[in-house]
There are 2 protein chains.
Amino acid sequence: MLQTHGVKPTYQRLAILGVVAETRLHPTIRSLHAVLVKQIPTLSKTTLYSTLELFAAKGLVRSLTIDPSEVRYDGVPELHHHFYCAVCRRVLDVDITCATGRIGELHGHRVDEVHGYFKGVCRDCRSKETRSARRSSPPKLKDKLRRSPHV
Amino acid sequence: MLQTHGVKPTYQRLAILGVVAETRLHPTIRSLHAVLVKQIPTLSKTTLYSTLELFAAKGLVRSLTIDPSEVRYDGVPELHHHFYCAVCRRVLDVDITCATGRIGELHGHRVDEVHGYFKGVCRDCRSKETRSARRSSPPKLKDKLRRSPHV
DNA sequence: GTATATGCAAAGAATTTGCACTATG
DNA sequence: CATAGTGCAAATTCTTTGCATATAC
């Protein structure tokens, strides 16, 4: 997989690609580090940053800027779009194909990537919303869950 | 305009909304500050951050995360999508209406915002690309134009 | 006069860089 | 061995916060 894309398969890179490709949780650098350190105790975030940038350049992963505070990574090769829940901060896959054919050209610009970002409140969080929750004042950022769920 | 959205019209807010609403350059906090300080020398970035967060909450502007390094703001009320040029880092409007009707509901999730982000190289930068430019090594981030164009 | 808005300075957090060390072929 | 990958620590930059001052109704 790595060789076919011109990337030297090191121990770290294989482990990183494994996690990104098998999960659909759209991990962040931080969550990847938290998970992978168990397996590779010396793994640094520097390596994660450079490796994921390399993977993105080689088309092995896509980087998502749907979460305003952290970059998310997607290792599923099929082009698809995403939903971001402002409450639980999960990123979910959306399977509509609309606009995905626009890769190539648009208004004379060369289009390399198309990202469809839908933002709102996911089904799970909607059902948990209570009147008391709606009534409370908006949380400060540091009280919000800045940390996304594992991986 | 401000009163109708439940926002007290202060001097700063009027000036900020004026710039964001009249330009189509999708300004950042930094570029807004650079422009507005000429008119309001004491204007702080703190005020810009809190004001634009307020405007976004009231639906007066939309915040775009298409530029991975800075939040962009869009004051044009009509729903539209965006193109990001990886070379000159401009954000351009795109007039396709695809997926804009998805606001409301999707897979049971409540959708408040839809963002269509197209990324690539804009028409102007394509025509400027020379063989020597293509041959040069990728620039370091600090050598890239981190600063977006004015406003 | 009380509530809200503004602004400064400091803190917080994600990302990038410099450089030394290590592993790969 | 030479090249390329890794990792630590420091630096950079965007964003948020705490609190003091100023403004508005």
Side-chain angles (χ1 to χ4, degrees), chain A residues 2-3 5-17 26-34 36-37 39-58 60 63-73 89 137-148, chain B residues 2-3 5-17 27-34 36-37 39-58 63-73 89 137-148:
Chain A
L2 286 176
Q3 296 94 324
H5 285 75
V7 174
K8 273 191 201 168
T10 68
Y11 182 57
Q12 286 87 340
R13 287 173 180 180
L14 285 165
I16 295 166
L17 186 62
H26 310 97
T28 65
I29 294 289
R30 184 179 37 70
S31 72
L32 283 170
H33 189 255
L36 285 162
V37 167
Q39 179 186 345
I40 311 172
T42 61
L43 184 70
S44 72
K45 287 188 181 174
T46 305
T47 298
L48 282 167
Y49 277 108
S50 68
T51 300
L52 288 161
E53 183 183 346
L54 175 70
F55 286 176
K58 298 293 185 180
L60 286 163
S63 60
L64 312 179
T65 55
I66 192 171
D67 179 339
S69 68
E70 283 174 288
V71 175
R72 304 292 197 123
Y73 295 93
R89 302 191 50 205
S137 58
K140 291 190 176 184
L141 186 52
K142 74 173 170 189
D143 296 329
K144 290 189 214 171
L145 189 56
R146 280 200 78 107
R147 306 291 168 241
S148 350
Chain B
L2 286 176
Q3 297 94 325
H5 286 76
V7 174
K8 272 190 200 168
T10 68
Y11 182 57
Q12 286 87 340
R13 288 172 178 180
L14 286 165
I16 295 166
L17 186 61
T28 64
I29 294 289
R30 184 180 37 69
S31 73
L32 284 170
H33 190 254
L36 285 162
V37 170
Q39 179 186 345
I40 311 173
T42 61
L43 184 70
S44 72
K45 287 187 181 175
T46 306
T47 298
L48 283 167
Y49 277 107
S50 68
T51 300
L52 287 161
E53 183 183 345
L54 176 70
F55 286 176
K58 298 293 184 179
S63 60
L64 313 179
T65 54
I66 193 172
D67 179 340
S69 67
E70 285 175 288
V71 175
R72 304 292 196 123
Y73 294 93
R89 302 191 51 205
S137 59
K140 291 190 175 183
L141 186 52
K142 74 173 171 188
D143 295 329
K144 290 189 213 170
L145 189 57
R146 280 200 78 107
R147 305 291 168 243
S148 350

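Naming convention: chains lettered A, B, ... in sequence-line order (proteins, then strands); numbering from 1 in each chain. Note that the structure is predicted; figures quoted are calculated from it, not measured.
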Ordered by number, residues from residues 45-53 of chain B within less than 4.0 Å of DNA chain D (heavy atoms) are Thr46(B), Tyr49(B)
Heavy atoms of Val37(B) and Leu43(B) approach each other most closely as CG2-O, 4.2 Å
In whole angstroms, the gap separating C1' of dT15(D) from CD1 of Ile29(B) amounts to 9 Å
When rounded to whole Å, the CZ to C1' distance for the pair Phe55(A) and dT6(D) reads 14 Å
ask   = Under 3.5 Å, side chain of Arg72(A) to main-chain N/O of Ile66(A), donor-acceptor pair present?
value = no
Leu14(B) CG to dT6(C) C1', in whole Å, measures 15 Å
- [ ] With side-chain contact (heavy atoms from CB on, under 4.5 Å) as the test, would you mind laying out the steps for Arg89(B) and Ser69(B) before giving the verdict?
- [x] CA-CA 10 Å; Arg89(B) 302 191 51 205; Ser69(B) 67; 2.9 Å; yes
Atom CD1 of Ile40(A) and atom P of dA23(C) are separated, to the nearest Å, by 13 Å
In whole angstroms, the gap separating P of dA14(C) from CG of Leu32(A) amounts to 14 Å
inquiry  = It should be established whether Thr42(B) places a side-chain nitrogen or oxygen under 4.0 Å from OP1 or OP2 of nucleotide dG7(C).
reply    = yes
Side-chain N,O (Gln12(B)) to OP1/OP2 (dG7(C)) below 4.0 Å:
yes
**Asked** Can Thr51(B) and Gln12(B) be said to form a side-chain contact (heavy atoms from CB on, under 4.5 Å), step by step?
**Response** CA-CA 9 Å; Thr51(B) 300; Gln12(B) 286 87 340; 5.8 Å; no
Testing dA5(C), dG5(D), dC14(D) for proximity to the side chain of Lys8(A), the answer is dG5(D)
Practice item. Any chance you could lay out the side-chain contact (heavy atoms from CB on, under 4.5 Å) test for His26(A) and Asp67(A), step after step, and finish with the verdict? Key: CA-CA 10 Å; His26(A) 310 97; Asp67(A) 179 339; over 6 Å; no
When rounded to whole Å, the CG to P distance for the pair Leu54(A) and dG5(D) reads 7 Å
Next on the checklist: Counting only side-chain nitrogens and oxygens, does Arg13(A) get under 4.0 Å of the OP1 or OP2 atom of dT6(D)?
Outcome noted: yes
Arg30(B) and Lys45(B) have their tightest heavy-atom pair at CG-NZ, 4.4 Å
Between CD of Glu70(A) and P of dT15(C) the distance, given in whole Å, is 6 Å
Atom NE2 of His33(B) and atom P of dT6(C) are separated, to the nearest Å, by 13 Å
In this structure, OH of Tyr73(A) is separated from CG of Leu60(A) (nearest 0.5 Å) by 13.5 Å
